[in-house]
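Below is one structure, written out as structure tokens; the observations come after it.
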Amino acid sequence: MSSETLSQTLAEIEELKKKHQAIILAHNYQNDEIQDLADFVGDSLALSQKAAQTDAKVIVFCGVHFMAESAAILAPDKTVLLPAPDAGCPMADMAEPEEVLEWRKRYPNAAVVAYVNSSAAVKSVSDYCCTSANAVKLVRNIPESEIIFLPDQNLGRFVAQQVPEKTIHLWPGYCITHHRITPEEVIKIKNLYPQAEVLVHPECRHEVTALADFVGSTSQIIQYVRQSQSSEFIIGTEMGIIHSLTKENPSKRFYLMSPGLICPNMKQTTVAKVLDSLRHLKPVITVEPQIREKAVAALNRMLKYV
Ligand code: CIZ
Ligand code: SF4
């Protein structure tokens with residue numbers, strides 16, 4: 001898109017936002033230009049909460065499908081649009097509600113903790129939801145001592161290390177983007193930038209998180225950098241986060257841990273698709289009322305313990 005076309009498109013987006021009382025929410029992993037045009041940038045829970053609290057009638061959710069579903073669960077009276085309707089999450093697809101029910105039979109005393117990266121249907125057959133920012137705290141605080149953690153085995157393993165007093169059954173899912181990083185890559189980049197602090201997401205493998213100075217969600221990594229005295233950081237999560245980090249900390253330097261840290265689904269949202277979704281008020285993401293009711297209960301149970 002030429003810069004003239006881009007500014008025309010942005011002007012039209014602004015006009016349509018006013019006309020439809022819409023706000024644009026973008027995940028930390030979105031393309032830079034999407035983060036720049038958004039009203040709020042954040043992690044999936046913060047964005048869903050924003051969706052629930054805002055006076056806007058239309059939410060344009062720049063992210064992947066399960067995130068727009070979470071917004072629809074928490075803001076059922078609003079129209080939630082997902083400009084990139086094919087943007088799914090391969091990890092969320094690694095758990096189906098029928099399988100969860102089978103695991104429940106296998107471990108009848110276990111509580112099911114579902115990472116937000118799961119479908120509304122999976123959340124509806126789970127006891128609690130969690131995010132990567134609060135998974136450890138939630139698992140530690142809930143009364144149950146036996147837990148089925150799904151779908152991310154890496155986040156589950158990280159939680160199990162921090163909460164050794166509980167028995168955690170790990171679902172075999174993983175994020176194709178984070179799971180790909182190898183410890184060899186981390187060692188190589190650490191040798192290149194020996195002064196840098198290493199910050200990684202808990203969706204990375206255990207062998208990778210073991211080499212980090214800090215393990216946290218996107219919001220926690222952003223907060224860590226804000227407070228740190230260091231001037232260089234190696235970042236082990238999806239590359240989109242570098243945009244906010246650089247904007248907020250122009251004098252600090254950021255090195256992406258691996259060139260493979262790119263989520264193709266997150267990158268499906270474009271400025272043209274945002275415009276299109278506001279023009280046609282489509283595609284709308286909805287959640288069936290029976291599923292929504294149970295999923296919202298799992299989300300609310302999370303809020304009680306974190
Ligand atoms: O919950 C989110 O937004 C995800 C998927 C990652 C993170 O760490 O924020
Ligand atoms: Fe899913 Fe991984 Fe992409 Fe997040 S980064 S949306 S977990 S595939």
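Start at 1 and go down the list; that is how both ligands and their atoms are numbered. On a predicted model such as this, the values are computed, not experimentally measured, just so you know.
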- With heavy atoms and a 4.0 Å threshold, my read on which part of Ser44 contacts ligand 1 is both
- Message: Under 2.8 Å from atom 3 (Fe) of ligand 2, is there any N, O or S atom belonging to Cys89?
- Response: no
- Query: In terms of ring plane angle, is the pair His178 and Tyr29 parallel, tilted or perpendicular, where the classes change at 30° and 60°?
  - Reply: tilted
- Would you check if the side chain of Arg140 reaches a backbone N or O of Val163 as a donor-acceptor pair within less than 3.5 Å? no
- Message: If the test is side chain to side chain contact (heavy atoms under 4.5 Å, CB included), which one of Val186, Ile187, Leu192 qualifies with Lys190?
- Response: Val186
- Query: So does Lys17 pair up with Glu14, basic N to acidic O under 4.0 Å?
  - Reply: yes
- atom 2 (Fe) of ligand 2: which protein heavy atom is closest, and how many Å away? Cys175 SG, 2.3 Å
- Query: Taking heavy atoms and a distance under 4.0 Å, where does Asp43 meet ligand 1: side chain, backbone, both or neither?
  - Reply: both
- Message: Tell me the closest heavy-atom pair linking Pro83 and Val60, and the distance in Å.
- Response: CG-CG1, 3.5 Å
- Message: For ligand 1 and Glu203, I'd like to know whether there is a polar contact (N/O to N/O, distance under 3.5 Å).
- Response: no
- Task: Classify the contact between Glu203 and ligand 2 as side chain, backbone, both or neither, using a heavy-atom distance cut-off of under 4.0 Å.
- Result: side chain
- From Pro151, Ala92, Pro90 - option closest to atom 8 (S) of ligand 2 by heavy atom: Pro90
- Query: What is the ring orientation for Trp171 with Trp103, classed by angle as parallel under 30°, tilted 30 to 60°, or perpendicular over 60°?
  - Reply: tilted
- In the protein, what heavy atom is nearest to atom 4 (C) of ligand 1, and what distance, to one decimal place, separates them? His27 NE2, 3.7 Å
- Query: Can you tell me the protein heavy atom closest to atom 6 (C) of ligand 1 and the distance?
  - Reply: His201 NE2, 3.6 Å
- Heavy-atom closest pair, residues Leu82 and Ile285: CB-CG1, 3.6 Å
- Message: Suppose I only count heavy atoms of Ser217 and a 4.0 Å limit; which atoms of ligand 1 are within that range?
- Response: 8 (O)
- Item | Which atom of Val112 lies closest to which atom of Asp127, heavy atoms considered | N-OD2, 2.7 Å
- Between Glu238 and Lys267, is there a salt bridge with N-O shorter than 4.0 Å? yes
- Item | Options Cys263, Ser132, Gly63, Pro264, ranked by nearest heavy atom to atom 3 (Fe) of ligand 2, top entry | Cys263
- Item | Charged N-O contact under 4.0 Å between Asp77 and Lys57 | no
- Pairwise distance CG(Leu256) to CZ(Phe233) - rounded to 0.5 angstrom: 15.0 Å
- Would you call Met91 a ligand 2 contact, heavy-atom distance under 4.0 Å? yes
- Query: Below 4.0 Å from any atom of ligand 2, is there a heavy atom belonging to Met67?
  - Reply: no
- Query: Under 4.0 angstrom from ligand 2, any heavy atom of Asn117?
  - Reply: yes
- Asn117, portion touching ligand 1 at heavy-atom distance under 4.0 Å: side chain
- Query: Does Ser132 have a heavy atom less than 4.0 Å from any atom of ligand 1?
  - Reply: yes
- Task: Can you pull out the closest protein heavy atom to atom 7 (C) of ligand 1? Residue, atom name and distance to 0.1 Å, please.
- Result: Thr218 OG1, 3.3 Å
